Number of protein chains: 2
Amino acid sequence: MPSQPTLSNKEWPLMRLLWEKSPQPAYDLITALSDQESWHANTIRTMLARLHKKGAVGIRPYKNLFLYYPLISEEECIAAESESFLQRVYGGALKPALLHFARSQKLTREEIRELKKVLDGKD
Amino acid sequence: MPSQPTLSNKEWPLMRLLWEKSPQPAYDLITALSDQESWHANTIRTMLARLHKKGAVGIRPYKNLFLYYPLISEEECIAAESESFLQRVYGGALKPALLHFARSQKLTREEIRELKKVLDGKD
DNA sequence: TGCCACTAACTACACATGTAGTATATTCAT
DNA sequence: ATGAATATACTACATGTGTAGTTAGTGGCA
């Protein structure tokens, strides 16, 4: 089995759209993304072609166009990228990473409680 | 102020060495890294040159060689990379990211307690 | 029925990155 | 003083990425 293709920076928003809803024609993705990210239509098509080439999305013909759908799961991608991030930035140490995120100011009280519940389950 | 230079994948291990101890001559870095990462000496020198060029490390002459030292702090780099990771992978949502890490199997009981203490402080 | 609009395919191009080889300058030991 | 070892500088090159222009096919409307 060929290892998971990895996603580049800008491929993530595209894949997120496909994970949310698929299959989708290029047109819909272009509409959504030219808006969200202000990319040129051809840029998005190029990225779709590359994603297809690297095995991240599949193509199915439909009428006179193609529908795109993900071939790799969001969970796997997130897991892989998280692991890579952990290695790169923290040399693989999970605890400091978690502490960093936990200390950041952006958690609401509610989220903190939720997180603690998960941790309780593991303790 | 020019925005923080960002570090590529392979630049992190180099910077980690410099953050641990600096200044250091190229030689020491090469010794450490050819071992840890099995890189060619010239590869490491090229990376040092690029890090210097992008303003991530400084150079100070010492005897017949150069000493390298970081110009950017580990904390800032980690913060920047963590934020970029969060945006890329989770679309900026901190909670799911934390949950993902917290659910991963690799935390020891001790680490879980420590983490909960940090969260308690914020609740 | 000929042209327009739209799809998809192909081409382009600069910059970053990983990975080194080559060349030049300096120095230390014999 | 000269040759070997080092240190630094410069060059090379394939691949990935961001960004888009150009070309060709085709179905539907005027």
Side-chain angles (χ1 to χ4, degrees), chain A residues 2-16 23-69 77 80-81 84-85 87-89, chain B residues 2-16 23-69 77 80-81 84-85 87-89:
Chain A
S3 65
Q4 283 277 120
T6 63
L7 302 178
S8 82
N9 244 311
K10 304 298 185 96
E11 285 167 349
W12 280 86
L14 234 178
M15 289 303 289
R16 256 198 297 276
Q24 285 193 68
Y27 177 79
D28 289 7
L29 299 165
I30 288 171
T31 307
L33 287 170
S34 351
D35 207 41
Q36 277 175 43
E37 316 266 341
S38 73
W39 289 338
H40 191 282
N42 274 348
T43 300
I44 297 168
R45 282 180 189 285
T46 299
M47 291 201 297
L48 280 172
R50 287 179 184 167
L51 282 169
H52 181 228
K53 189 171 166 198
K54 68 163 84 166
V57 309
I59 291 183
R60 166 147 45 92
Y62 172 75
K63 300 195 173 173
N64 59 326
L65 43 69
F66 285 134
L67 296 182
Y68 293 84
Y69 54 91
C77 284
E81 185 64 20
S84 140
F85 164 78
Q87 287 303 326
R88 179 175 55 243
V89 177
Chain B
S3 65
Q4 283 276 118
T6 64
L7 302 177
S8 81
N9 243 314
K10 303 298 184 96
E11 285 166 348
W12 280 87
L14 234 178
M15 289 303 289
R16 255 196 298 276
Q24 285 192 68
Y27 177 80
D28 289 8
L29 299 165
I30 288 171
T31 307
L33 287 170
S34 350
D35 207 40
Q36 278 175 44
E37 315 269 341
S38 71
W39 289 340
H40 191 281
N42 275 349
T43 299
I44 296 168
R45 283 180 186 284
T46 299
M47 291 201 296
L48 280 172
R50 286 179 184 169
L51 282 169
H52 181 227
K53 189 170 167 200
K54 67 162 85 168
V57 308
I59 291 184
R60 166 149 44 92
Y62 172 75
K63 298 196 174 173
N64 60 325
L65 43 69
F66 285 132
L67 297 182
Y68 293 84
Y69 53 92
C77 284
E81 185 65 19
S84 138
F85 166 77
Q87 286 303 327
R88 180 175 54 243
V89 177

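Note that the coordinates shown come from a computational prediction; the quantities given were computed from them, not determined experimentally. To find a chain, count down the sequence lines: A is the first, B the second, and so on, and within it residues start at 1. Values below: every heavy atom of this structure, side chains too, minus hydrogens, waters and symmetry copies.
Looking at B/Ser8, its side chain has no donor and acceptor atom pair within 3.5 Å of the base of C/dA16. Residue side chain B/Asn64 does not reach the base of D/dT6 through any donor-acceptor N/O pair under 3.5 Å, judged by distance alone. For B/Arg50 against C/dT19, a side-chain-to-base donor-acceptor contact under 3.5 Å is present. Counting distance only, with no hydrogens placed and no angle test, the side-chain atoms of A/Asn42 and the base atoms of D/dT22 include a donor-acceptor pair under 3.5 Å.
At whole-Å resolution of the value, CZ in B/Phe66 and P in C/dT26 are 11 Å apart.
Residues B/Ile59 and A/Thr46 each lie close to DNA chain D; by heavy-atom proximity, the contact nearer the 5' end of the strand is made by B/Ile59.
Nearest nucleotide to the side chain of A/Arg45, out of D/dT8, C/dT17, C/dT7: C/dT7. Counting only heavy atoms from C-beta on, B/Asn9 has its side chain closest to C/dG18 among C/dT19, C/dG18, D/dT8. Comparing atom distances between the A/Met47 side chain and each of D/dT19, C/dT7, D/dA7 picks out D/dT19 as nearest.
The backbone N or O of B/Asn42 lies less than 3.5 Å from a partner atom in the side chain of B/Thr46, making a donor-acceptor pair. Remark: the backbone N or O of A/Tyr27 is paired with a side-chain donor or acceptor of A/Thr31 at under 3.5 angstrom. A donor-acceptor contact shorter than 3.5 Å is absent between the side chain of A/Ser38 and the backbone of A/Ser34.
Note on B/Lys54 versus B/Glu11: salt bridge recorded, some NZ/NE/NH1/NH2 to OD/OE distance being below 4.0 Å.
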